[in-house]
Amino acid sequence: MSFFARLFSRRSVHKLRDRVSDTPSIASYADLARAFVASNDIASAERILEEALDTFPASTELDRLRRLVRQHRLADRIQELRRRIDEEATPSLYHELCEIQLQCNDFHSASLTCSEWRRMFPADSGAELASIKIALRRFYTDRAAADGRAAFAGLENLLARDPGHARALRLLAELCSRIGALQKAQEALSRLSQIVPDDPGVATWRRRVDFALASSYQSMDLNRSLREVEETGQFPDPVQSVDEDAAERRAKKPAAPKAPRVLDAARPALGRLARVPGVRLVVLVRGSAALVRGARAGTAESVARATRSIAVTAKRTTRRMGMGSFQQVVVDTDSGSLVLQSGDPSCAAAVIDRLTSMPAVRSALADLASAPASQAAAGAEHSEGEVVRA
Amino acid sequence: MLETLKELNRTPGVRGSAVLMGDGVVMASLLAPGSDADSLAALVSSLASSIVKNVSRLDMGKPRRILVTSSRGCFSANYLGNAWLVTDLELEIDPGSLELEVESAAMRIRRLLRRRGAEVPAVLPSDDGSTAESSLDFSAGAPDANEGERP
């Protein structure tokens with residue numbers, strides 16, 4: 001960046017900072033963050049967005065910007081680590097690179113990094129644990145039984161060689177606990193409590209598992225539990241696994257503000273999508289409730305049921321095929337297309353005419369399906385769509 | 001049929017392809033190594049049957065193509081009357097850019113199926129949701145002798 005460009009950029013940041021102090025709003029924070037990005041100050045952009053989200057926790061725009069900035073920062077760090085590894089590789093560089101790739105949910109690159117790490121440092125056990133962590137993350141994300149089995153086998157192998165590996169025992173206990181294989185979780189926890197007898201978290205966790213097994217909870221064997229998770233897409237987690245990392249993550253994550261009426265909040269976004277030219281019907285399914293816009297009178301419920309049924313079958317199919325988590329299905333027919341987008345916590349679908357702009361619909365559906373209920377409500381009327389049971 | 005699949009597999013972005021009967025039986029398969037054609041057939045036919053049934057509830061008529069995208073893969077299933085042409089696509093590729101190639105392969109296979117077994121009722125759900133049995137008789141035409149294909 002030239003001297004003049006830097007000067008103008010600093011002035012612009014200065015002005016925008018004053019604007020944020022005078023009139024803090026979503027727009028002023030977003031503009032300031034963009035100015036930081038433009039001046040290559042990614043850390044400040046991230047910090048200002050964190051601050052903005054404390055003030056406006058429901059803002060989709062700020063959340064999207066924060067994700068982009070974070071991705072940008074991680075991509076920079078990955079590049080830097082790659083450069084340093086090329087110069088002089090060390091296990092700690094591989095470890096950091098693998099962790100960042102996992103943070104980006106880039107399981108493929110993380111696996112490649114692990115293979116390279118093993119090849120370069122065959123005596124280092126860190127690579128083995130990292131590859132187990134990748135399988136576990138894959139399983140927790142995609143819920144495919146094969147990933148769960150691979151992670152379990154990896155942990156068993158590691159523990160066979162090093163029975164006192166506390167981290168591996170923790171991961172094993174968490175896996176078994178989450179899938180409801182409590183006998184296995186109990187075994188792992190009793191071994192773990194011998195290694196770390198003073199850890200209160202482990203003691204509480206073990207007591208919970210003991211209590212669940214002593215009461216009516218029907219513990220399943222590992223394979224059946226994994227199949228059940230694959231089939232339903234749900235983790236029974238009967239005792240709320242208390243792995244310290246997971247608990248810490250949960251504690252750090254701010255609780256999502258609750259919308260008074262979940263589907264009411266999504267009406268404006270649904271209405272906006274329905275007004276896109278060529279869109280005939282829009283459905284948002286969240287849990288057992290659905291919001292339908294554009295259906296013929298009396299057919300909203302069957303439309304909602306059909307949408308939910310397709311989403312459930314597609315999720316199950318992609319999991320069983322080892323294709324990871326389901327994202328989207330497009331069904332082309334003679335009369336138009338059905339586009340169904342899966343999100344967390346909802347799924348959204350639209351029936352569109354043949355010549356409708358697909359990218360615009362896809363992006364609107366992705367926003368609708370992924371937006372927390374309270375975010376979709378941002379300042380609009382409440383008169384869109386029909387609420388039905390799905 | 002395998003020739004058509006081979007040609008389709010040569011298209012950049014296509015990892016493998018297979019022709020599946022509506023009831024989940026594999027007719028011809030040239031999938032990428034490591035893919036299990038039988039389990040793929042069972043899963044895809046169950047998904048396709050659910051989609052066909054549910055799309056009819058939305059008054060959209062018969063599906064021509066189903067495109068499923070997930071975090072680790074993407075596949076399309078083109079409707080062939082009583083069977084499906086399933087194409088395993090690379091995740092990075094825009095499926096729209098391959099539509100012509102896949103549709104042209106589907107047309108050739110559709111013609112081949114007609115020549116072999118004449119017109120047959122589609123394996124589509126009836127109004128009550130049950131699926132009709134396929135009545136396609138493949139004994140009329142000699143099956144290709146290539147590996148991977150099942151009579």
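Per chain, numbering begins at 1; letters A, B, ... match sequence-line order. Here the structure is a predicted model, which is why all the values come from computation and not from measurement.
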I'd like a table of the N/O donor-acceptor pairs between chain B and chain A - cut-off under 3.5 Å, distance only.
unit_1, atom_1, unit_2, atom_2, d
S50(B), OG, T313(A), OG1, 3.2
N54(B), ND2, S309(A), OG, 3.0
D59(B), OD2, R296(A), NH2, 2.1
M60(B), O, T333(A), OG1, 2.9
M60(B), O, S335(A), OG, 3.2
R64(B), N, D332(A), O, 2.6
R65(B), N, D332(A), O, 3.3
R65(B), O, D332(A), N, 2.8
R65(B), NE, D332(A), OD2, 3.0
R65(B), NH2, D332(A), OD2, 3.0
L67(B), N, V330(A), O, 2.8
L67(B), O, V330(A), N, 2.8
T69(B), N, Q328(A), O, 2.8
T69(B), O, Q327(A), N, 2.9
T69(B), O, Q328(A), N, 3.0
S70(B), OG, M323(A), O, 2.4
S71(B), N, S325(A), O, 2.8
S71(B), OG, S325(A), N, 2.9
S71(B), OG, S325(A), OG, 3.4
R72(B), N, M323(A), O, 2.9
R72(B), NE, D142(A), OD2, 3.2
R72(B), NH2, D142(A), OD2, 2.7
R72(B), NH2, D147(A), OD2, 2.9

| Who among L47(B), I51(B), V55(B) has the most heavy-atom pairs with chain A under 4.5 Å? | L47(B)
| note | The interface call for V351(A) against chain B, heavy-atom contacts under 4.5 Å, is side chain
| request: Output all residues satisfying ring-ring contact (aromatic ring centres under 6.0 Å, His included) with F326(A), sequence neighbours left out; order by chain, then residue number. | output: none
